[in-house]
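Single-structure report; data block below.
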Amino acid sequence: MVGLAAGVDNMKNTIAIVGRPNVGKSTLFNRLVGQRKAIMDNQSGVTRDRHYGYGDWIGKHFTVIDTGGYVHGSDDVFEESIRRQVKLAIDEADVVLFMVDVDAGMHGLDEEFANVLRRYQGKKPIYIVANKADTNARAHAAGEFYALGVGDGDIFTISSQSGSGTGDLLDAVVSHFEDPWEETEDEGLPKIAVVGRPNVGKSSLVNLLLGEERTIVTEIAGTTRDAIKTRYNAFGNEFILIDTAGLRRKTKVKEDIEFYSVLRSIRAMEESDVCIVMLDATRGIEAQDVNIIALADKNRKGIVILVNKWDLVEDKETNSTKKIEEQILEKIAPIAYPPIIFTSVLTKQRVHKAIETAIQVYENKTKKIPTSQLNEIMLRAIEEHQPPSVKGKMVRIKYVTQLPTHNPVFAFFCNLPQYVRDSYVRYLENRLRDNFGFEGVPIGVIFRKK
């Protein structure tokens with residue numbers, strides 16, 4: 001079953017779903033990522049929501065991009081923007097799914113779009129996906145799309161609504177993807193990604209770190225599609241710095257920059273253990289920032305929020321930082337665990353603290369609590385505040401242990417796990433944080449029957 005990936009290192013596997021309007025691209029997207037809606041760019045004035053999400057199939061994880069419907073030759077400014085972004089998605093993708101509609105049959109816009117894809121033929125896998133083939137007659141009719149003259153191998157007939165045929169399609173798609181668990185020479189080093197909207201200071205931070213200390217050991221070659229990774233030694237710690245800077249060199253069009261911003265942030269996140277999410281103090285926290293933080297949380301990454309350009313904020317008060325912290329936490333609720341640091345990369349204010357905090361978050365993320373210590377403290381907390389009874393039945397928790405996972409997950413063994421309320425889960429999470437730290441790290445609390 002396709003589901004939401006929990007975040008995997010070394011992923012570079014991207015699928016772009018493209019085609020003319022109303023062929024079912026978004027329905028297929030939702031099926032591949034296993035949810036109704038993924039992270040969106042909610043910036044006002046854009047042509048449409050851009051969707052990004054994660055999925056997995058037979059142990060391989062991937063990123064999916066849903067694109068707008070491609071219309072050739074239109075003078076409409078919105079459709080022109082969609083055409084640009086469809087081409088950007090194709091450039092970024094490792095595999096392209098060209099969707100057509102069997103029910104409607106061959107359309108002139110399909111032929112026009114095939115001309116666009118022809119220039120990519122042989123450079124990356126392209127599959128024609130004939131949607132709405134939910135009867136044998138419709139599946140048989142899909143043969144007419146061979147006349148488009150693009151695509152690798154057979155046409156895949158699917159119904160994105162019911163899921164029919166998507167398994168065979170995914171088998172073919174993931175055959176082109178790398179093993180996400182392949183080890184590298186840098187295995188075991190913390191991976192810290194610098195992510196955020198354009199113009200928040202990512203480039204300045206990375207340039208400050210790499211240009212001033214000049215302690216680069218090696219550079220790992222990347223392509224134009226990939227985040228740049230640099231092995232770095234600073235402040236007594238060795239780590240991998242993952243950079244998403246340099247977006248403005250790609251294009252001068254604002255919507256395209258936002259498109260790249262989210263996609264590159266996703267790529268950097270996939271590679272990372274900890275994300276330094278940079279905000280602009282002069283603009284406050286915006287929808288795109290909230291989306292990026294939510295995406296990092298969903299993929300179980302450590303998070304440090306870095307409020308840059310603090311030197312440019314006028315009329316500071318004694319408690320200005322506290323007020324802004326409260327505003328940020330209100331916007332990203334219920335996410336409440338990331339540390340928030342106010343900095344100025346320009347004046348080098350608290351940059352050292354930002355890196356130290358990111359390293360500490362990584363250590364929190366990989367921390368293992370001895371089972372005896374965990375039970376001594378948590379069973380006492382449970383005794384002080386018992387789970388509320390449900391339908392007259394008492395939940396009795398007997399034992400707790402940390403699971404051997406990549407992120408902190410704690411299993412509580414009890415008699416009636418199905419009756420534990422969400423409010424009590426939050427209570428236990430808060431007691432874990434109070435007693436064992438885990439600042440900047442999402443932690444999991446699960447219940448198992450004993």
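Hydrogens, waters and symmetry mates play no part in the numbers below; they use all other heavy atoms, side chains included.
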Inset, instruction - Could you tell me whether the side chain of R31 and the main chain of S160 form a donor-acceptor pair under 3.5 Å? - result: yes
Inset, instruction - Working to the nearest 0.5 Å, report the span between CD1 of I128 and CD1 of I155. - result: 4.5 Å
Inset, instruction - Starting from the C-alpha separation in whole Å, work towards a yes-or-no answer on side-chain contact (heavy atoms from CB on, under 4.5 Å) for L170 and F62. - result: CA-CA 11 Å; L170 282 168; F62 47 81; 4.0 Å; yes
Legend entry - Audit row: V194, L241, side-chain contact (heavy atoms from CB on, under 4.5 Å) steps and yes/no: CA-CA 8 Å; V194 181; L241 186 66; 4.0 Å; yes
Legend entry - Backbone of Q418 reached by a side-chain donor or acceptor of K449 within 3.5 Å: no
Legend entry - I443 side chain reached by Y337 side chain, heavy atoms, under 4.5 Å: no
Legend entry - Flag, side chain of N13 to backbone of V174, donor-acceptor distance under 3.5 Å: no
Inset, instruction - Look at the side chain of K124 and the backbone N and O of A93, then say whether any donor-acceptor pair between them is shorter than 3.5 Å. - result: yes
Inset, instruction - State, yes or no, whether a side-chain contact exists between I324 and V313 at a heavy-atom distance under 4.5 Å. - result: no
Legend entry - Backbone of Q402 reached by a side-chain donor or acceptor of K368 within 3.5 Å: no
Inset, instruction - Evaluate the side-chain proximity of E356 to Q360: yes if any heavy-atom separation is below 4.5 Å, no if none is. - result: no
Inset, instruction - Using ring-ring contact (aromatic ring centres under 6.0 Å, His included) as the criterion, list what pairs up with Y362, not counting sequence neighbours. - result: none
Legend entry - Validation row: N131, L28 side chains within 4.5 angstrom (heavy atoms): no
Inset, instruction - Ignoring hydrogens and angles, tell me if any N or O in the side chain of D273 forms a donor-acceptor pair with the backbone of V361 under 3.5 Å. - result: no
Legend entry - Nearest heavy-atom neighbours spanning C275 and M269: SG-CG, 3.3 Å
Inset, instruction - Starting at CG of L209, measure out to CD1 of I192 and round the result to the nearest 0.5 Å. - result: 9.5 Å
Legend entry - Side-chain touch I305/P338, heavy atoms, less than 4.5 angstrom: yes
Inset, instruction - Report the relative orientation of the aromatic rings in Y127 and F156; use parallel for angles under 30°, tilted for 30 to 60°, perpendicular for over 60°. - result: perpendicular
Inset, instruction - Take atom CD of Q373 as the centre, draw a 6.0 Å sphere, and report whether it contains more than 12 heavy atoms from other residues, nucleotides or ligands. - result: yes
Inset, instruction - Measure from the side-chain N and O atoms of N299 to the backbone N and O of L295, and report whether any donor-acceptor pair falls under 3.5 Å. - result: yes
Inset, instruction - Using the side-chain contact (heavy atoms from CB on, under 4.5 Å) rule, take M278 and I276 through it: C-alpha gap first, then chi angles, then the decisive distance, then the call. - result: CA-CA 6 Å; M278 294 190 71; I276 296 178; 4.2 Å; yes
Inset, instruction - For V400 and N375, work out which heavy atoms get closest and say how close. - result: O-ND2, 2.7 Å
Inset, instruction - Locate the shortest heavy-atom distance separating T67 from A89; write the atom from each residue and the value. - result: CG2-CB, 3.6 Å
Legend entry - Side-chain touch D280/N199, heavy atoms, less than 4.5 angstrom: no
Inset, instruction - Tell me, with the steps shown, if T401 and F413 meet side-chain contact (heavy atoms from CB on, under 4.5 Å). - result: CA-CA 9 Å; T401 187; F413 291 85; 3.8 Å; yes
Inset, instruction - Identify the heavy atoms of R448 and A411 that sit nearest to each other, and give their distance. - result: CD-CB, 4.5 Å
Inset, instruction - Kindly indicate, with the supporting measurements, whether the criterion salt bridge (Lys or Arg N to Asp or Glu O under 4.0 Å) is fulfilled by K367 and E363. - result: CA-CA 6 Å; K367 180 164 53 179; E363 292 175 356; over 6 Å; no
Would you be so kind as to tabulate the donor-acceptor pairs closer than 3.5 Å made by side chains of residues 328-335, with sequence neighbours excluded?
none

Legend entry - Close side-chain approach of I446 and L403, heavy atoms under 4.5 Å: yes
Legend entry - Any side-chain heavy-atom pair of Q161 and D134 under 4.5 Å: no
Inset, instruction - State, to 0.1 Å, how close V274 and A358 come at their nearest heavy-atom pair, and which atoms those are. - result: CG2-O, 3.8 Å
Inset, instruction - Any chance you could measure I292, atom CD1, to E286, atom CD, to the nearest 0.5 Å? - result: 11.0 Å
Legend entry - Contact summary for S344 and D311, nearest pair of heavy atoms: OG-OD1, 2.8 Å
Legend entry - Rounded distance (nearest 0.5 Å) linking atom OG of S164 with atom NZ of K132: 15.0 Å
Identify each donor-acceptor pair in which a side-chain atom of residues 424-441 lies under 3.5 Å from a protein atom, sequence neighbours left out, and give them as a table.
| unit_1 | atom_1 | unit_2 | atom_2 | d |
| --- | --- | --- | --- | --- |
| Y424 | OH | H385 | O | 2.7 |
| Y427 | OH | A381 | O | 2.8 |
| E429 | OE2 | R433 | NE | 3.3 |
| E429 | OE2 | R433 | NH2 | 3.3 |
| N430 | ND2 | R426 | O | 3.2 |
| R431 | NE | D434 | OD2 | 3.2 |
| R431 | NH2 | D434 | OD2 | 2.5 |
| R433 | NH1 | F438 | O | 2.8 |
| R433 | NH1 | V441 | O | 3.0 |
| R433 | NH2 | V441 | O | 2.7 |
| N435 | ND2 | R431 | O | 2.8 |

Legend entry - Donor on one side chain, acceptor on other, N407 and T405, under 3.5 Å: no
Inset, instruction - I would like to know whether K25 and D66 meet salt bridge (Lys or Arg N to Asp or Glu O under 4.0 Å); could you show each step before the answer? - result: CA-CA 7 Å; K25 296 186 297 299; D66 182 22; 5.9 Å; no
Legend entry - Short side-chain to backbone donor-acceptor contact, K202 and R197, under 3.5 Å: yes
Legend entry - Straight-line distance of I397 CD1 to K450 NZ, nearest 0.5 Å: 13.0 Å
Inset, instruction - Measure the spacing between CG of L32 and OG1 of T63 and express it to the nearest 0.5 Å. - result: 12.0 Å
Legend entry - D94 side chain to T14 backbone, donor-acceptor under 3.5 Å: yes
